Protein chains: 2
Amino acid sequence: MKTSDALQLPPRVRALSVERSLRRGEVLFRRDDAALGLYEIVGGHIRLSRVDADGREVILHSAGPGDLVAEASLFSPNYHCDAIALTDARVRLYPKRALLADFRRDRRAADAFMAMLARELMALRTRLEQRNLRSASARLEHHLALNTEADGRTVILRGTIKDLAAELGLSHEALYRTLNKMESAGKIARAKGTITLEKRTLL
Amino acid sequence: MKTSDALQLPPRVRALSVERSLRRGEVLFRRDDAALGLYEIVGGHIRLSRVDADGREVILHSAGPGDLVAEASLFSPNYHCDAIALTDARVRLYPKRALLADFRRDRRAADAFMAMLARELMALRTRLEQRNLRSASARLEHHLALNTEADGRTVILRGTIKDLAAELGLSHEALYRTLNKMESAGKIARAKGTITLEKRTLL
DNA sequence: CGGCGTTTTGAGAGAGCTCAACATCGGTGG
DNA sequence: CCACCGATGTTGAGCTCTCTCAAAACGCCG
């Protein structure tokens, strides 16, 4: 589940980061473990969850490549949920001490991190808003309208259609059908890796 | 749409904030306007949106009482979307210069703000994950499991059932029916303003 | 050429949405 | 004190849309 594109942690800190591999099912950290820092998912998927009063697992988040998890660990002595590899995975730990020290040393690094959080927040709110749209076509149009290139018409797909379906919270079949319908209706044109919005006929 | 509970901006900055009223339909800011700072919604609802290539409005977020909007404006010279009052509303502007100055002066203020963003991010991811659950009961159980008081059983409702339905992304009718079903099934007990999870019978 | 995952298309069922009607509860004003 | 009113809470019934399960065509890579 890709949430944001750009991750730009200070090179100094990146130099201090440590990569690690996990087997499917392996535990990255558990609730109440001492918070070492935040993780970037390099490959695979990590599931963040908590266990409820009856011992059932409640999923908080499924993170995929490019995602950052446990940012809040920077400000807490321990983790607040469990993190378990959903698939074989590769993660990169950014030690909190190094990060916080860097923020202290370099104000711009701190600002940049804050800005990153703020931007991610914005993107996430937008995505949540999108989920309020019931129909597949509305969700797709919402997504397309907000992800065009500079021309305002072209949308470059970053993964497969299945990936897009997952991002939109739709079954891939529903998305395929919707794409077909919209193409037949002349609303979009499809090419390999891109979707182009057609000029809407005025009323 | 309530996203988080606690908003704790430094008192020094709060002292510098300015409250303002808006009529329904009034513009708070427009895209590319100079970014004055971030806003806290005191009352009413503000809609953040962008206009797509065909002139249609694409909703990014609907913010309600207690919500913060335009955090990213702190790190950008201008706003990136339109903000328009959906209802008569009251907002509080936290001037970015004051905020940033405060962050510079007091490291803990900056950390606290960062922590707030991180926590909100976490909560939002969880909410998005919840939306991946299709059935009304699954969404409700997810929400209940994650919002119990210390006893792990009691959930205090902060608004009306309709509000909860909106937060869960369900029609209020669907939620009422689900509550009924779960109560009949002995999974929950309802009292005025609270829902109590019943001890789950073991297998 | 032989898999494997993606892309398509088909058909059926279920769940929630919508519209509608009614009950309930405060609050307001006569 | 009571009547009225608006918003919340509640229940009913049909409809639409997506999900799910299935199966087949396609494309890529070893």
Side-chain angles (χ1 to χ4, degrees), chain A residues 1-2 24 43-45 64-65 86-88 127-144 155-185 187-196, chain B residues 1-2 24 43-45 64-65 86-88 127-144 155-185 187-196:
Chain A
M1 185 158 299
K2 217 170 301 180
R24 184 156 81 103
H45 288 264
L86 208 59
T87 62
D88 289 354
R127 232 168 111 180
L128 190 59
E129 192 69 42
Q130 179 192 71
R131 294 302 180 91
N132 284 341
L133 304 173
R134 311 273 157 207
S135 78
S137 58
R139 274 194 205 170
L140 178 58
E141 284 172 24
H142 186 271
H143 179 265
L144 293 178
V155 178
I156 298 176
L157 301 179
R158 286 188 309 217
T160 67
I161 299 290
K162 278 183 87 163
D163 293 337
L164 180 60
E167 187 169 333
L168 297 180
L170 298 171
S171 67
H172 61 275
E173 295 98 320
L175 180 54
Y176 284 125
R177 285 188 247 267
T178 303
L179 283 169
N180 267 350
K181 235 175 289 176
M182 287 180 65
E183 191 166 22
S184 302
K187 291 184 177 178
I188 60 171
R190 297 178 61 188
K192 187 178 173 61
T194 69
I195 297 176
T196 310
Chain B
M1 185 156 301
K2 216 168 302 179
R24 184 157 80 102
H45 288 264
L86 208 59
T87 64
D88 288 355
R127 234 169 108 180
L128 192 58
E129 192 68 42
Q130 179 192 72
R131 294 303 181 89
N132 285 340
L133 303 174
R134 313 271 158 209
S135 79
S137 58
R139 277 195 203 169
L140 178 57
E141 285 172 26
H142 186 271
H143 179 266
L144 293 177
V155 179
I156 299 177
L157 300 179
R158 287 188 309 221
T160 67
I161 299 289
K162 280 183 85 161
D163 292 337
L164 180 59
E167 188 169 332
L168 297 181
L170 297 171
S171 68
H172 60 277
E173 296 98 321
L175 180 55
Y176 285 127
R177 285 186 247 268
T178 303
L179 284 169
N180 268 349
K181 234 174 290 174
M182 287 179 65
E183 191 166 22
S184 304
K187 291 185 178 179
I188 61 171
R190 296 178 61 187
K192 188 178 172 59
T194 69
I195 297 176
T196 309

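By convention in this document, chain letters (A, B, ...) are assigned in the order of the sequence lines, proteins followed by strands, and residues within each chain are numbered from 1. If you're wondering where the values come from, they're calculated on a predicted model, not measured in any experiment.
If you measure from atom CG of A:L164 to atom P of C:dG5, you get 20 Å, rounded to the nearest angstrom. Distance CD1 (B:I161) to C1' (D:dT11): 15 Å, rounded to an integer number of Å. The NZ atom of B:K162 sits 12 Å away from the P atom of D:dT10 (whole-angstrom rounding). Regarding B:L168, its CG atom lies at a distance of 18 Å from the P atom of C:dA15, rounded to whole Å. For the pair B:L179 CG and D:dT10 C1', the computed distance is 11 Å after rounding to whole Å. Atom CZ of A:R190 and atom P of C:dT7 are 8 Å apart (whole Å).
Listed pair B:Y176 / D:dG9 meets the phosphate criterion, a side-chain N or O lying under 4.0 Å from OP1 or OP2.
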Show me the protein contacts with nucleotides 12-19 of chain D, counting only N or O atoms at under 3.5 Å.
from: D:dG12; atom 1: N7; to: B:R177; atom 2: NH1; distance (Å): 2.9
from: D:dG12; atom 1: O6; to: B:R177; atom 2: NH2; distance (Å): 3.2
from: D:dA13; atom 1: N6; to: B:R177; atom 2: NH2; distance (Å): 3.2
from: D:dT18; atom 1: OP1; to: A:A136; atom 2: N; distance (Å): 2.5
from: D:dC19; atom 1: OP1; to: A:S171; atom 2: N; distance (Å): 3.4
from: D:dC19; atom 1: OP1; to: B:R134; atom 2: NH1; distance (Å): 3.4
from: D:dC19; atom 1: OP2; to: A:S171; atom 2: N; distance (Å): 3.1
from: D:dC19; atom 1: OP2; to: A:S171; atom 2: OG; distance (Å): 2.8

Nucleotide N/O of nucleotides 22-28 of chain C paired with protein N/O under 3.5 Å:
none

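Between the B:R139 side chain and the B:G169 main chain, a donor and an acceptor come within less than 3.5 Å of each other. Side-chain N or O atoms of A:T87 include none that pairs as donor or acceptor with a backbone N or O of A:G44 at under 3.5 Å.
Considering only heavy atoms from C-beta on, B:L133 stays 4.5 Å or farther from B:E141 through its side chain. Counting heavy atoms from C-beta outward, B:E167 and B:R127 have side chains that approach closer than 4.5 Å. B:L170 is not listed as a side-chain neighbour of B:T178, based on a closest heavy-atom distance of 4.5 Å or more. A heavy-atom distance below 4.5 Å is not found between the side chains of B:K162 and B:L175. Contact annotation: the side chain of B:H172 never approaches that of B:I161 to less than 4.5 Å [non-hydrogen atoms, C-beta and beyond]. Between A:I195 and A:L179 the shortest side-chain heavy-atom distance falls below 4.5 Å.
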